[in-house]
Amino acid sequence: MRLQPIFDIAELCARKGVTQAVLCPGSRCAPLTLAFAKHDDFQVRTISDERSAAFIAHGIAQQLQSPVILVCTSGSAAFNFAPAIAEAFFQQTPLLIFTADRPKEWIDQYDGQTIRQENIFGVHVKKSFSLPEDFENTDSKWFIHRAVNEAINLSEEFPRGPVHINVPLREPLYPAKNEKVTFSKTLKVISVEKPSYVLSTEVVNELQNKISGFSKILLVAGQQDFDNSLVKAIEKFSSSNQAPIVGDILSNLHSNQNVIRYSDTFLSACGEDVQHSLQPELLITFGKSIISKHTKLFLRKLRPLEHWHIQPAGTPADTFQSLTRIIRCEAKDFFKTLFTDKKEKGFENQRKENFLRVWQAEEHRTVLSMKKYFSDQNFPELSLIKEFILSLPPRCNLHLANSMAVRYTNFIGIEAGKKGIHVYSNRGTSGIDGCTSTAVGHSLCNEIPNFLITGDMAFFYDRNAFWHNYPLTNLHVLLLNNHGGIIFNIIDGPGNVPERDEFFVTEQKLTAKNLAAEFGFDYLHVDSVKKIRGCLKDFLIFDGKTKILEMESSQEENKEAFETFKKQIKSGYGT
Ligand SMILES: Cc1ncc(C[n+]2csc(CCOP(=O)(O)OP(=O)(O)O)c2C)c(N)n1
């Protein structure tokens, strides 16, 4: 059958262990759609809005830690995948994107639904393949199957990411009545050994010697998935070397008792003298981006003597402009290997201890200031998040939308010990365009409670996250509706220009009530801090329905509260 090499793409993907496919409707992609839909080994879902579909696929891939297939028709459909592909690229999420296309000779000929699709995702995919439009030739078949093998291998290779395959297809696109979609049994699977990123004994010895020469070692963790063995290894390393660990909410290190959660808050408030006392000699980083602007500014200003970044492969970012060494192994192995249990004695040890204590003292000061603040202040959005975080069940996923939702939640932090709360956020590109869809992707393929905290702009932007036929029985959305982008009211810059409200905050009047009714979701509403507890009780009950808890509050009220909050933190420093 003419389309056999295309049908066999599904068989190859299945043999490579891929099990999930998100398919977007269209005719040009029919051979691919039918192949995945008819293959027994795939869980397929169909999502009509390609932008949402791609973010949903990103969420599924993130949850399952495995590549997910995305299929769309030709034309602008492919472009709608782009925001999620960029997010997946920077978050290192494996996606396998098949875009159906017209044959080459029909590009730029005013044929319907035709755009220039080769390399359409540019530099935001690890590689882009273009398949041949005629596959009778055995070399063409070999190429198609080699490309699929290579694409899957590449998507999984560190740093993982999206890989694109453009698939030009000639008509007829559907099998004739007497034809069946079947899969070949003798396809060539190209497997690849997982590299082991092991440091040589010489390097380990050298690093161990070097580490013991530094008395101010600071660890900074970027965004990463929860990994219990990493948490444990860091705990041991940091207590053995008396090294403070800065980990914001996306580092997923919150279960560690000693992690510094509030660096963003205290580095924005403390004076230069305190900052100087916090300056590291050796900075060790791992993971992706950090949320805190103040931590970034602090580290860029007061640079360490040496900065080591742990990353198994690929070019690391020099976020703090101080990188001096790239260490090619996994962070958990680094900390396990370099964990030196020997107790040093004397002056060196005391200096190390002091450094740890200085960081802990600032953390403690912030905790006290926050306690004081919340004992008698009214900050609708932050108070809701605080109460909510305290009531989270022991095992759940917490999804945080851009932009204030993730920042607010980082101000609050998650208590130590709560290792079952796993935190996700689209901080690859920090877009507001797919936060809900990504959370939906996770919810579709896990059975634990999933909570999304989002602002109103991000929420209404991505409402098509719900526009499909898959029940979301384990997704509850906490919507902070301040009728616009409060971030622009809070940060310096737009906060001071007369165009602020019209062009930056952009007031919008929607509430989620109608949306909830349309989609058949349970809807809870709260408009005062006093009612939060009662409402949260209902919100936290999982009874098989998607729930939205919307808090409406004014921008002014929250803005003022934020100013008081900042003052309270500053007053901890006597200013
Ligand atoms: C796709 C995209 N467009 C624009 C932006 C710029 N942006 C950042 S935050 C924001 C407003 C977010 O408003 P909302 O979701 O209500 O959250 P809040 O600021 O109120 O917390 C905008 C437009 C972005 N991050 N992503």
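Note that these values count all heavy atoms, side chains included, but never hydrogens, waters or copies made by symmetry. Source: prediction; values computed, not measured.
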4.5 Å side-chain heavy-atom contact, [X] and [Y]:
X	Y	value
Asp456	Leu510	no
Ile389	Ile414	yes
Val529	Ile532	yes
Glu550	Leu524	no

Is there a donor-acceptor contact under 3.5 Å from the side chain of [X] to the main chain of [Y]?
X	Y	result
Arg261	Val259	yes
His422	Lys419	yes
Asp41	His39	no
His254	Gly413	no
Asn481	Gly455	no
Asn252	Gln224	yes
Thr93	Gln62	no
Asp49	Ser52	yes
Arg395	Pro449	no
Asp248	Ile291	yes

Open item on the list: Assess the residue pair Phe562 and Phe411 against the criterion (ring-ring contact (aromatic ring centres under 6.0 Å, His included)); give the C-alpha distance rounded to whole Å, side-chain angles, the decisive distance to 0.1 Å, and a yes or no.
Closed with: CA-CA 11 Å; Phe562 192 50; Phe411 289 145; 5.7 Å; yes
Look up atom [atom1] in [X] and atom [atom2] in [Y], then write down how far apart they are to the nearest 0.5 Å.
X	Y	atom1	atom2	value
Ser425	Glu87	OG	CD	8.0 Å
Leu472	Thr436	CG	OG1	11.0 Å
Phe81	Leu95	CZ	CG	9.5 Å
Asn446	Leu64	CG	CG	8.5 Å
His483	Glu507	NE2	CD	8.0 Å

A quick test of your reading: do over 12 heavy atoms of other residues, nucleotides or ligands sit less than 6.0 Å from [atom1] of [X]?
X	atom1	answer
Arg533	CZ	no
Lys296	NZ	yes
Asp543	CG	yes
Lys336	NZ	yes
Phe79	CZ	no

Minimum heavy-atom distance [X]-[Y], with the two atoms named:
X	Y	result
Gly222	Ile290	CA-CG2, 3.8 Å
Val71	Cys29	CG1-CB, 3.8 Å
Val18	Pro67	CG1-O, 3.4 Å

Parallel under 30°, tilted from 30 to 60°, perpendicular over 60°: which one fits the rings of [X] and [Y]?
X	Y	answer
Phe466	Phe459	tilted
Phe55	His58	perpendicular
Tyr523	His525	tilted
His399	Tyr424	parallel
Phe335	Phe237	perpendicular
Phe121	His164	perpendicular

TODO: Evaluate the ring-ring contact (aromatic ring centres under 6.0 Å, His included) criterion for residues Phe388 and Phe451: first the C-alpha distance (whole Å), next the side-chain angles of each, then the deciding distance (0.1 Å), finally the verdict.
DONE: CA-CA 10 Å; Phe388 172 63; Phe451 296 100; 5.2 Å; yes
- [ ] Going by the side-chain contact (heavy atoms from CB on, under 4.5 Å) test, name the single residue among Val246, Leu267, Val367 that passes it with Tyr262.
- [x] Val367
- [ ] Start with the C-alpha gap between Glu447 and Asn474, add the side-chain angles, then the distance that decides, and say whether side chain to side chain donor-acceptor pair (under 3.5 Å) holds.
- [x] CA-CA 7 Å; Glu447 280 168 8; Asn474 56 347; over 6 Å; no
Are [X] and [Y] linked by a side-chain donor-acceptor pair shorter than 3.5 Å?
X	Y	answer
Asn426	Thr438	yes
Arg427	Asn402	yes
Ser263	Thr295	yes
Thr19	Gln43	no

Do the charged groups of [X] and [Y] touch, with an N to O distance under 4.0 Å?
X	Y	answer
Glu235	Lys232	no
Glu556	Lys559	no
Lys293	Asp264	no

Task: Verdict with supporting geometry, Phe90 and His124, ring-ring contact (aromatic ring centres under 6.0 Å, His included) - done: CA-CA 8 Å; Phe90 289 112; His124 290 105; 5.5 Å; yes
Task: Stepwise ring-ring contact (aromatic ring centres under 6.0 Å, His included) test for Tyr408 and Phe565 - done: CA-CA 12 Å; Tyr408 279 147; Phe565 178 75; 9.2 Å; no
